[in-house]
Amino acid sequence: MKKLFTFGALALASLAHAQTPPAFGSYLKMFSADSLWNSRPVNPVFGTYQIPDTTFNPTVASGAWSTGIFQAQDTNKEMIVYPRGTNTGVWDPDGEKMLATVRIPHWPANTQGATGADGHADIVDSTENKVYSFSQLSMDASGKWSAQQIAWSPLNGTGWGDPAHYFQGARAAGVPTSAGMIRVDEVNDGKALFEHALAMSLDYTALTPAPNQFIYPATSGDATDPQKANSGQIAEGTRMMLPASFDLKPITDLRLLKVATTLKTYGAYVVDRNYNTPFVIYVENGATWGSLPADQLQKIQHALRPVVSQDGHINGNGVARVPESEVNLLSMRGTWAPNYVANKNDKLGVYDTFQQALTWDTTAGFMSQTNFSMRDVNVVKGAGPNAPKRYKLSVAATGGASLQMTIWVAGANRKTTAVLSNAGSEIIAWPDGATISMLAQKPAGGKATLSARLVELPPGQ
């Protein structure tokens with residue numbers, strides 16, 4: 001049996017942490033102070049739906065189905081990650097394509113995938129400002145690393161996807177596996193609660209079926225299964241909480257009391273699906289943890305309710321949270337077909353998720369490429385762009401690259417923007433029923449990159 005410590009002893013052990021709290025956007029305190037992970041709702045209003053009972057008891061656990069969170073150092077060497085087995089590549093869900101290999105610039109020596117079939121592992125690299133999130137990560141006997149999937153999130157960002165970079169981790173909700181995790185350093189820090197929302201998965205009997213399988217702030221979600229489709233009423237992205245009236249006195253296990261106190265204050269976001277467990281709350285692998293009393297877990301399960309609204313949020317700095325503004329709606333992902341290639345030996349530009357840009361190597365001649373895929377916008381349902389709102393298209397480019405957008409409306413004249421080079425922009429009044437295409441151009445010469453932002457303007461602008 002693992003030894004349980006009192007909060008008094010824990011407070012002494014964690015005095016150094018209390019004196020020098022980690023900064024937001026760091027390995028120990030991931031994401032910004034305004035991230036919804038680090039913010040608590042004000043006056044939450046609850047729905048009535050209750051998480052159903054299943055075959056097993058709910059759990060709060062580390063282990064095979066959780067993940068390790070590994071801190072990269074500048075001194076760590078780079079690592080090339082290869083596809084698993086006979087896979088044609090490592091799946092990049094943001095770019096929606098298979099990558100032949102993935103280069104990680106700093107690879108911690110203690111990295112390992114969890115032993116469950118999901119094989120989760122996250123690497124936090126402060127220098128690169130990235131959280132790399134893997135699924136089915138493993139190393140073979142020769143020291144070669146392989147993975148089924150990789151995605152990444154800005155370490156100092158929101159910890160959630162956005163309409164442009166909509167898949168930012170290995171969880172089904174499009175977030176890093178480490179987001180909301182009970183961390184090793186938090187377990188015995190002497191505090192009464194974890195100072196962030198927790199990460200939770202639910203069984204299919206609790207999750208909402210398609211097409212409503214996720215809601216904001218999630219940008220993706222589990223919808224179907226070869227054998228079991230969702231049949232409940234909770235969408236991924238929902239914040240689950242214990243109401244203020246929940247009596248903590250019956251929660252006598254000190255670890256579970258800390259979890260329950262957190263659930264009353266921050267709640268837990270539903271970010272994934274499990275099998276036959278009412279809920280799972282995830283603890284970082286390597287933490288001093290252990291089994292919890294089933295009857296007390298069931299009390300929490302039956303009292304948890306979905307948050308349907310709130311009067312704003314208090315952020316991690318204890319002040320009113322400022323919601324994200326100027327959210328980008330445009331990605332450079334999709335199929336960039338050749339339009340004109342002066343030198344047939346030049347390689348076409350490709351989308352790079354780590355740069356969030358269309359990228360070219362050196363070319364001998366001028367090149368232009370067209371994207372008709374519509375995977376650059378409207379990936380996240382309801383995000384826009386929508387008529388009759390106005391939007392600002394702005395371009396960031398290197399190496400002389402440029403972008404031109406054409407907006408198509410059936411039965412009406414098309415609208416084409418100017419050719420926009422680095423720092424160029426144009427205001428667009430969005431028409432109803434519009435689709436778009438994009439033309440990217442690169443002059444002969446050295447490497448180049450091209451990215452763009454499409455941001456809704458405030459009313460009146």
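Hydrogens, waters and symmetry mates play no part in the numbers below; they use all other heavy atoms, side chains included.
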| message | Can a donor-acceptor pair be found, under 3.5 Å and without considering hydrogens, that links the side chain of N38 to the backbone of S35? | response | no
| query | Looking only at heavy atoms, which two atoms of A151 and P93 are closest? And how far apart? | reply | CB-CG, 4.0 Å
| task | Could you name each residue pair satisfying side-chain hydrogen bond (donor to acceptor under 3.5 Å, both in side chains) that touches residues 103-114, not counting sequence neighbours? | result | E78-R103, H106-D125
| request: Evaluate side chain to side chain donor-acceptor pair (under 3.5 Å) for D118 paired with S135, printing each intermediate quantity in order. | output: CA-CA 6 Å; D118 289 340; S135 64; over 6 Å; no
| task | Supply the atom-to-atom distance M332 CE to T353 OG1, rounded to the nearest 0.5 angstrom. | result | 13.0 Å
| query | Is there a donor-acceptor pair closer than 3.5 Å between any side-chain N or O of R40 and the backbone N or O of K264? | reply | no
| query | Are the side chain of S451 and the backbone N or O of A357 linked by a donor-acceptor pair below 3.5 Å? | reply | no
| query | Does the N285 side chain pair with the main chain of G63, one donor and one acceptor, at a distance under 3.5 Å? | reply | yes
| said: Less than 4.5 Å apart, side chain to side chain, heavy atoms only: is that true for L329 and V380? | reply: no
| said: Quick check on K29: does its NZ atom have over 12 non-hydrogen neighbours (other residues, nucleotides or ligands) under 6.0 Å away? | reply: yes
| Hey, are the side chains of M200 and L202 touching, using non-hydrogen atoms and a 4.5 Å cut-off? | yes
| Can you tell if the side chain of I281 reaches within under 4.5 Å of the side chain of L263, non-hydrogen atoms only? | yes
| said: Side chains of Y269 and L36, heavy atoms from C-beta outward: is any pair under 4.5 Å? | reply: yes
| Judged by modelled atom types alone, do Q298 and N57 share a side-chain donor-acceptor pair under 3.5 Å? | yes
| task | Ignoring hydrogens and angles, tell me if any N or O in the side chain of W37 forms a donor-acceptor pair with the backbone of G159 under 3.5 Å. | result | yes
| request: Could you name each residue pair satisfying salt bridge (charged side-chain N to carboxylate O under 4.0 Å, His left out) that touches residues 154-179, not counting sequence neighbours? | output: R171-D272
| said: Please determine whether side-chain contact (heavy atoms from CB on, under 4.5 Å) holds for the pair M241 and Y266, giving the CA-CA distance in whole Å, both sets of side-chain angles, and the decisive distance to 0.1 Å. | reply: CA-CA 7 Å; M241 293 186 72; Y266 289 92; over 6 Å; no
| field | NZ or CZ of K381 within 45° of F214 ring axis and under 6.0 Å | value | yes
| message | Rounded to the nearest 0.5 Å, what separates atom CD in E186 from atom NE2 in H196? | response | 3.5 Å
| said: Within the 3.5 Å criterion, strictly below it, is a donor on D34 or H313 matched to an acceptor on the partner's side chain? | reply: no
| Is the NZ or CZ atom of K130 positioned over F354's six-membered ring, under 6.0 angstrom from the centre and within 45° of the axis? | no
| field | Gap separating the CG atom of L242 from the CG atom of L304, nearest 0.5 angstrom | value | 4.5 Å
| Candidate pair T252 and Q296, rule side chain to side chain donor-acceptor pair (under 3.5 Å), full reasoning | CA-CA 8 Å; T252 58; Q296 296 179 34; 2.8 Å; yes
| query | How far apart are the closest heavy atoms of A218 and G237, and which atoms are they? | reply | CB-CA, 3.6 Å
| Neighbour count above 12 (heavy atom, 6.0 Å) for K347 NZ | no
| query | Hey, is the main chain of I51 close enough, under 3.5 Å, to the side chain of Q301 for a donor-acceptor pair? | reply | yes
| Do the side chain of T101 and the main chain of V81 share a donor and acceptor less than 3.5 angstrom apart? | no
| field | Heavy-atom side-chain proximity of D352 to T449 below 4.5 angstrom | value | no
| field | Working for side chain to side chain donor-acceptor pair (under 3.5 Å), residues Q356 and Y351 | value | CA-CA 7 Å; Q356 292 287 288; Y351 176 67; 2.9 Å; yes
| V184 side chain near E284 side chain, heavy-atom distance below 4.5 Å | yes
| query | For the atom pair CD1 (I234) and CD1 (I215), what is the distance rounded to the nearest 0.5 Å? | reply | 10.0 Å
| query | Any idea which heavy atoms bring P443 and G400 closest together, and the distance? | reply | CD-O, 3.4 Å
Distance-only criterion, 3.5 Å: show the donor-acceptor pairs between side-chain atoms of residues 65-72 and protein atoms not counting sequence neighbours.
unit_1, atom_1, unit_2, atom_2, d
S66, OG, V283, O, 2.6
T67, OG1, H120, O, 3.3
T67, OG1, A121, N, 3.3

| query | Got a second to check how far K228's NZ is from D203's CG, nearest 0.5 Å? | reply | 7.0 Å
| task | Determine, for D185 against R183, whether the closest basic-nitrogen to carboxylate-oxygen distance falls under 4.0 angstrom. | result | no
| query | Between V60 and W289, is a side-chain contact (heavy atoms from CB on, under 4.5 Å) present by the stated rule, with each step listed? | reply | CA-CA 9 Å; V60 181; W289 203 254; 3.6 Å; yes
| field | side chain to side chain donor-acceptor pair (under 3.5 Å) partners of S153, counting only residues at least two apart | value | Q168
| message | Going by the rule side chain to side chain donor-acceptor pair (under 3.5 Å), which residues pair with Y340 if we only count those two or more places apart in sequence or in a different chain? | response | none
| Is there a side-chain contact (heavy atoms from CB on, under 4.5 Å) between R321 and I314 once you walk through the steps? | CA-CA 5 Å; R321 173 183 177 266; I314 301 298; over 6 Å; no
| request: Answer yes or no: is there a side-chain heavy-atom contact under 4.5 Å between F134 and S146? | output: no
| task | For residues M98 and T88, report the shortest heavy-atom separation together with the two atoms involved. | result | CG-OG1, 3.7 Å
| Can you find a pair of side-chain heavy atoms, one from P41 and one from R239, that are under 4.5 Å apart? | yes
| Is a side-chain donor or acceptor of E236 paired with a backbone partner of L207 at a separation under 3.5 angstrom? | no
| query | Sub-3.5 Å donor-acceptor pair from the side chain of N315 to the main-chain atoms of S39, do we have one? | reply | no
| Run the side-chain contact (heavy atoms from CB on, under 4.5 Å) check on K447 and W360 step by step: do they pass? | CA-CA 5 Å; K447 294 181 178 182; W360 291 268; over 6 Å; no
| task | Give a yes or no on whether the backbone of G174 and the side-chain of T219 come within a donor-acceptor separation of less than 3.5 Å. | result | no
| field | Spatial distance of atom CG (L99) from atom CG (D92) [nearest 0.5 Å] | value | 4.5 Å
| query | Within 45° of the ring axis of F194 and under 6.0 Å from its six-membered ring centre, is that where the NZ or CZ of K258 lies? | reply | yes
| said: Side chains of S32 and N156: any donor to acceptor distance under 3.5 Å? | reply: no
| query | Applying side-chain hydrogen bond (donor to acceptor under 3.5 Å, both in side chains), which residue pairs with at least one partner in residues 325-337 are found, sequence neighbours left out? | reply | D94-R333
| query | Will you find, in the side chains of Y282 and S201, an N or O donor that is under 3.5 Å from an N or O acceptor? | reply | yes
| task | Would you check, one step at a time, whether the test side chain to side chain donor-acceptor pair (under 3.5 Å) holds for D74 with T127? | result | CA-CA 7 Å; D74 289 349; T127 301; 2.3 Å; yes
